[in-house]
Amino acid sequence: MDKFPAFLLLPFLCFFHSLFLSDADVTGNSSDPGLTLSADSLCAQLIEPNGYFCTEHTIQTKDGYLLALQRVSSRSGDLKVQQGHPVLLQHGLFMAGDAWFLDSTEQSLGFILADQGFDVWVGNVRGTRWSHGHISLLDTDKEFWEWSWQELALYDLAEMLHYIHAITSSKIFIVGHSQGTIMSLAALTQPDIVEMVEAAALLSPISYLEHVSAPLVLRMVAMHLDQMVLALGLHQLNFRSDVLVNLVDSLCDDHVDCTDFLSSITGQNCCFNKTRMNFYLEYEPHPSSVKNLRHLFQMIRQGTFSQYDYGVLKNLLIYGQFKPPAFDLNNIPKSLPIWMSYGGNDALADATDVQRTLEELSSKPELLYLDNYGHIDFLLSVKANRDIYDHMIGFFRSLEKSSSY
């Protein structure tokens with residue numbers, strides 16, 4: 001069997017206290033410790049070269065991680081007088097804030113929202129390239145990677161919202177893709193977090209993964225890829241390493257046809273621009289943790305939307321019960337406006353699991369169903385601006401008209 005090229009991992013990567021500081025000007029000339037200046041930053045690498053105003057911010061989570069946030073304004077705007085509603089963009093697994101800026105200014109959601117006058121904030125979770133490590137741990141420490149999407153939701157996303165809310169004195173629109181929607185839905189079940197949110201727009205929404213149909217993902221689960229990686233002594237998942245590329249390659253045997261790797265991971269994507277893959281790989285993939293992968297695999301195996309399962313004994317010690325507590329979607333306030341877009345060819349955010357999410361929510365989200373869209377089309381489709389983002393912006397505009405902030 002031919003070895004699959006590493007660049008084809010990108011579709012898989014798409015799946016899988018507060019610092020109350022004053023804002024600063026676009027040049028970063030401020031004594032504000034939340035502002036970060038670096039030539040190797042997302043602002044400098046992808047956003048400012050396209051003519052957009054951008055500032056770098058650093059926040060600290062309750063458990064000591066230092067995260068990067070970017071604030072973006074349109075080419076004709078000015079961050080000092082930004083009047084638009086704040087929007088936080090939350091990326092998916094093995095990606096970071098650059099995911100929202102990888103295509104042209106007319107196709108990338110981050111640029112589109114800025115040009116529409118929104119106050120765009122870009123989240124980057126712990127462990128990714130643009131974030132800044134930990135106050136005491138090194139990324140070579142096992143303890144640095146002791147987290148899953150549970151901490152990303154309850155610590156990282158929560159801290160981002162606290163910071164933005166403190167800067168803008170406004171409730172926030174959240175936009176998430178894939179794992180970013182898992183984080184969002186989990187966080188929104190928490191009263192102290194949801195009170196800072198005006199509305200949520202979810203692309204390829206996931207709270208349940210029981211009906212994942214992607215053949216290679218199911219193969220990884222069945223072969224216990226998470227345990228195989230732990231057996232190698234790894235706690236960081238970095239798919240730029242030969243070890244992990246070779247390990248995934250070993251799963252492509254007679255059981256899975258990896259000649260069509262895109263479909264085996266995401267479902268058939270209608271509108272993904274494969275010719276830009278080399279450019280995407282200048283930024284992707286970003287690292288994640290083995291514990292995070294295990295948590296996602298628990299969701300597939302158990303059909304749950306719950307906190308991390310440590311096993312009966314440790315669950316008793318940590319949670320005081322045999323099974324981990326569920327994130328109860330019914331706790332998300334009925335009054336919170338939610339917009340979702342999902343696809344008929346998405347083999348990760350399966351329509352059956354989306355329907356279960358809808359049944360458990362107390363509200364009735366606005367829905368946009370696209371029959372021919374696969375998982376990564378919602379982020380990188382060349383037609384997403386017309387097919388999806390115009391509808392999302394219309395949703396936000398309708399809320400702006402009916403609320404004052």
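Side chains included, hydrogens not; waters and symmetry mates left out as well; all remaining heavy atoms used.
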How about Phe378 and Ile388: do any of their side-chain heavy atoms sit closer than 4.5 Å? yes

Minimum heavy-atom distance Ala153-Ala187, with the two atoms named: O-CB, 3.8 Å

Could you label the plane-to-plane angle of the His177 and His375 rings as parallel, tilted or perpendicular, counting under 30° as parallel and over 60° as perpendicular? tilted

Under a 4.5 Å cut-off applied to non-hydrogen side-chain atoms, are Leu237 and Pro287 in contact? no

Where Ala114 and Ser73 come nearest, the two heavy atoms and their spacing: CB-C, 4.0 Å

Across all chains, not counting sequence neighbours, the side chain to side chain donor-acceptor pair (under 3.5 Å) partners of Asn124 are Gln70

Has the side chain of Ser398 got a donor or acceptor atom that lies under 3.5 Å from a matching backbone atom of Phe395? yes

Sorted by chain and residue number, the side chain to side chain donor-acceptor pair (under 3.5 Å) partners of Gln190 (sequence neighbours excluded) come out as none

Let me confirm one number: the OG-CZ distance from Ser288 to Phe94, rounded to the nearest 0.5 Å. 5.0 Å

Donor-acceptor pair, distance only, cut-off 3.5 Å: does the side chain of Trp145 make one with the backbone of Asp139? yes

Trace of the salt bridge (Lys or Arg N to Asp or Glu O under 4.0 Å) decision for Asp309 with Lys323: CA-CA 7 Å; Asp309 190 348; Lys323 295 183 178 180; over 6 Å; no

With respect to Tyr373, which candidate in Asp387, Asn269, Asn345, Asp346 satisfies the side chain to side chain donor-acceptor pair (under 3.5 Å) definition? Asp387

Proximity of Phe144 and Tyr65 rings by center, below 6.0 Å: yes

Is there a side chain to side chain contact (heavy atoms under 4.5 Å, CB included) between Leu157 and Ser184? Walk through the geometry before answering. CA-CA 8 Å; Leu157 183 56; Ser184 298; 4.1 Å; yes

Tell me whether Asp353 contacts the main-chain N or O of His211 through its side chain, where contact means a donor paired with an acceptor under 3.5 Å. yes

Quick check against the 3.5 Å criterion: does Ser289 have a side-chain atom that pairs as donor or acceptor with the backbone of Trp147? yes

Yes or no on side chain to side chain contact (heavy atoms under 4.5 Å, CB included) for Ser207 and Leu329, after CA distance, side-chain angles and deciding distance? CA-CA 9 Å; Ser207 63; Leu329 294 173; 3.6 Å; yes

Taking all non-hydrogen atoms of both residues into account, name the closest pair between Leu188 and Ala200 and its distance. CD1-CB, 4.0 Å

Ignoring hydrogens and angles, state whether a donor on the side chain of Tyr52 or Asp115 is under 3.5 Å from an acceptor on the partner side chain. yes

Taking every heavy atom of Ser362 against every heavy atom of Asn330, the minimum-distance pair comes out as CB-OD1, 3.5 Å

Do His235 and Leu230 have side chains that get closer than 4.5 Å, going by heavy atoms? yes

Mind listing the closest non-hydrogen atom pair of Ile338 and Ser363 along with its distance? CD1-OG, 4.0 Å

Would a 4.5 Å heavy-atom cut-off, applied to side chains only, mark Ile172 and Ile164 as touching? yes

For the pair Thr189 (side chain) and Ala186 (backbone), establish whether a donor and an acceptor sit closer than 3.5 Å, ignoring hydrogens and angles. yes

Show every salt bridge (charged side-chain N to carboxylate O under 4.0 Å, His left out) that has at least one partner inside residues 287-299, sequence neighbours left out. Glu146-Lys291, Asp226-Arg294

Are any side-chain N or O atoms of Ser148 and backbone N or O atoms of Gln150, one a donor and one an acceptor, separated by less than 3.5 Å? yes

Check step by step if side chain to side chain contact (heavy atoms under 4.5 Å, CB included) holds for Thr357 and Tyr342. CA-CA 12 Å; Thr357 299; Tyr342 63 109; over 6 Å; no

If you round to the nearest 0.5 Å, how far is CG of Leu209 from CD1 of Ile206? 5.0 Å

Do Asp103 and Arg276 make a side-chain contact, defined as non-hydrogen atoms from C-beta onward lying under 4.5 Å apart? yes

To the nearest 0.5 Å, what is the distance between OG on Ser104 and CZ on Phe111? 8.5 Å

Taking the six-membered ring where the residue is Trp, are the ring centres of His85 and Phe396 under 6.0 Å apart? no

Enter the distance from Met196:CE to Met160:CE here, rounded to the nearest 0.5 Å. 12.0 Å

From Leu109 atom CG to Leu379 atom CG, the distance as rounded to the nearest 0.5 Å: 8.5 Å

Does Asp141 reach the main-chain N or O of Leu138 with its side chain, forming a donor-acceptor pair under 3.5 Å? yes

State, with a plain yes or no, whether a side-chain heavy atom of Val175 is found less than 4.5 Å away from one of Leu88. no

Verdict with supporting geometry, Asn292 and Glu151, side-chain hydrogen bond (donor to acceptor under 3.5 Å, both in side chains): CA-CA 9 Å; Asn292 193 28; Glu151 285 76 23; over 6 Å; no

Are Glu210 and Arg356 within salt-bridge range, i.e. N to O under 4.0 Å? yes

Nearest atoms (heavy-atom pairs only) where Ala68 meets Ser131: N-OG, 3.1 Å

Please work out whether the ring planes of Trp149 and His295 are parallel, tilted or perpendicular, with thresholds of 30° and 60°. parallel

Does any N or O in the side chain of Ser108 come within less than 3.5 Å of the main-chain N or O of Thr105, such that one atom is a donor and the other an acceptor? no

Mind checking whether Gln298 and Tyr308 have side chains closer than 4.5 Å, heavy atoms only? yes

Between Trp121 and His57, is the ring centroid distance below 6.0 Å? yes

Given Val72 and Phe53, is the side chain to side chain contact (heavy atoms under 4.5 Å, CB included) satisfied, shown in steps? CA-CA 6 Å; Val72 185; Phe53 295 91; over 6 Å; no

Any donor-acceptor pair under 3.5 Å from His132 side chain to Arg126 backbone: no

Any chance you could lay out the salt bridge (Lys or Arg N to Asp or Glu O under 4.0 Å) test for Asp377 and Lys383, step after step, and finish with the verdict? CA-CA 9 Å; Asp377 284 323; Lys383 303 191 300 178; over 6 Å; no

To the nearest 0.5 angstrom, please state how far the CG atom of Leu203 sits from the CD atom of Gln90. 12.5 Å

Quick one: are Asn315 and Phe322 in side-chain contact, heavy atoms under 4.5 Å? no

Using atom types as modelled and distance alone, determine if a side-chain donor or acceptor of His165 lies under 3.5 Å from a backbone N or O of Ser169. no

